[in-house]
Amino acid sequence: MAKMDEGRIQEGLRQLMSHEPPPLDSESARSRGRMGAVGIGAGTFVLLFLVLGGAFILDHQSGNDTPSTPGAASSSHPSPEPSPSATLSPAVTPSPSGFLPALGPMCRSSQLRVRVGIQGGAGGNGITYLVFTDHGAGSCKLDGTPTVRFLNAHGGILSTVRVVDASGGYVPTFANNGVGLLPLADAGSPGSNGVRGQAALPLQYRDGACPSAVRQVQVVLTTGIITTPVAISGLQSPDCTPLSVVVNPFQPADWSP
Amino acid sequence: VGLAQLVRPSTCKPCGRLARLNSAKMSTMGMAEAQRTRVHEEVEHALTLYGSEMFGLAMALTANAPDAEDAYQTAWARALSHWDQIQDPVKRRSWLASITWRSALTIRRRHRFVDRWHSPLQEGLDLSRAMDSDPTLGEAIARLSTRQRAVVALHYGHGYTLDEVASILHTRAGTVRSHLSRALAHLRLGLEDD
């Protein structure tokens with residue numbers, strides 16, 4: 001390789017290394033061509049699977065005494081009853097977020113349990129996650145941003161919380177119009193205590209921003225109200241500004257805070 | 001643009017990467033306040049110093065913009081999670097390059113199935129677009145193997161010696177020399193066609 005070409009490579013790559021990088025939380029614009037290829041590939045695979053699967057089931061239904069022919073799988077035959085061995089995949093409704101399944105109806109307050117998860121923060125910000133676990137018989141979903149009330153020790157409402165129904169605040173969050181509670185890896189196992197899934201509700205606030213001691217938090221769902229004891233240190237400072245807490249939408253939570 | 005985006009209001013759309021960044025940031029929540037502040041400041045500083053370089057490396061390694069962004073962001077999330085593994089600031093640059101390399105390699109492997117339908121020409125277009133002053137060179141580099149691209153980018157783009165490149169890629173110096181020699185031969189052919 002001539003020195004001139006090495007210089008050319010060096011120059012070209014140095015230019016490549018000096019581009020402005022993308023923001024850390026941006027969503028990459030994956031090329032349509034690639035996604036299209038994936039779609040075509042997946043579509044072909046699914047179609048092939050259905051055709052072969054259908055032919056296989058029909059073949060089994062017709063019994064061994066009847067020789068199977070390609071015509072046996074034609075649509076002119078009446079639809080066979082579902083075979084006991086043939087399991088149908090549950091229909092999955094795509095969620096607005098696109099990566100989590102939207103499962104079942106809205107969660108009833110009676111099937112949910114709530115506890116206080118991770119509490120932390122930095123740079124003058126505090127964050128408390130309320131973790132909702134589904135103990136009902138079926139899967140359910142939580143959506144949007146609920147109304148949250150902070151109560152004192154006597155159950156009195158302390159102040160109105162500023163609700164932000166969008167991604168935002170200290171921690172990046174997902175806006176949602178309904179996502180299924182994230183099924184846990186051990187959901188249904190003996191050690192999971194009947195938990196089918198869980199979601200978290202992030203409460204974000206400025207440290208030292210509350211006039212009174214918060215003892216309970218109340219979450220108002222469309223299907224009922226859930227109250228849980230909570231101690232938020234940042235909200236119990238004696239010299240604080242008016243209460244202002246950002247309530248984010250429900251978030252999937254696959255960790256165990 | 002920087003680490004602050006991990007801790008300030010974000011309009012990020014749902015994606016696996018966001019979950020990774022979120023969990024990476026959450027991993028620093030367990031630190032003491034002073035330590036967390038120091039780590040965030042150091043990462044912010046490193047992002048300013050090496051952000052462009054790391055993204056350029058990711059672009060050279062993956063040869064297409066979406067994968068480069070994935071690799072770049074995954075690399076920062078990993079770096080943030082394991083920041084205190086490297087105490088010596090002098091070694092941070094090569095450590096970050098190594099993380100970027102591994103992130104890019106993971107993404108390339110994950111997309112191997114998809115790439116069967118993916119024309120290499122598209123990758124050439126992405127890289128030549130990024131190297132707009134010499135698009136032919138971009139196309140020629142895109143036709144190299146991932147490891148050859150890594151050696152060329154680290155040696156010529158970052159200015160590392162071949163021994164340093166070997167250390168970053170966790171391979172032997174002889175292997176690196178072999179990759180470089182083959183890469184240059186391929187590039188020579190590609191550039192002669194120009």
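Within every chain, numbering begins at 1; the chains are lettered A, B, ... in the order of the sequence lines, protein sequences first and strands thereafter.
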#### Entry: Segment of A/Q10 engaging chain B (4.5 angstrom heavy-atom cut-off)
both
### Message
Holding to ring-ring contact (aromatic ring centres under 6.0 Å, His included), I want the full list of residues that pass it with B/Y160, two or more places apart in sequence or in another chain.
### Response
B/H158
### A/I9 side, atom CD1; B/Y156 side, atom OH - distance, nearest 0.5 Å
5.5 Å
### Message
Rounded at 0.5 Å granularity, tell me how far CG in A/L16 sits from CG in B/D134.
### Response
11.5 Å
Going by atom type alone, with no hydrogens or angles, which donor-acceptor pairs under 3.5 Å involve a side-chain atom of residues 45-61 of chain B and a protein atom two or more places apart or on another chain?
from  : atom 1 : to    : atom 2 : distance (Å)
B/T48 : OG1    : B/E44 : O      : 2.9
B/S52 : OG     : A/H19 : O      : 3.1
B/E53 : OE1    : B/R93 : NE     : 2.8
B/E53 : OE2    : B/R93 : NE     : 3.4
B/E53 : OE2    : B/R93 : NH2    : 3.1

### Query
About how many Å separate CG of B/L137 and CZ of A/R8, when rounded to the nearest 0.5 Å?
6.0 Å
#### Entry: Interface residues of residues 165-175 of chain B facing chain A - non-hydrogen atoms under 4.5 Å apart
none
### Message
Looking at A/E11, I want to see if its CD is surrounded by more than 12 non-hydrogen atoms of other residues, nucleotides or ligands under 6.0 Å.
### Response
no
### Task
Could you tell me which residues satisfy side-chain hydrogen bond (donor to acceptor under 3.5 Å, both in side chains) with B/R147, sequence neighbours excluded, listed by chain and number?
none
### Query
Is the CZ atom of B/R182 crowded by more than 12 outside heavy atoms at less than 6.0 Å?
no
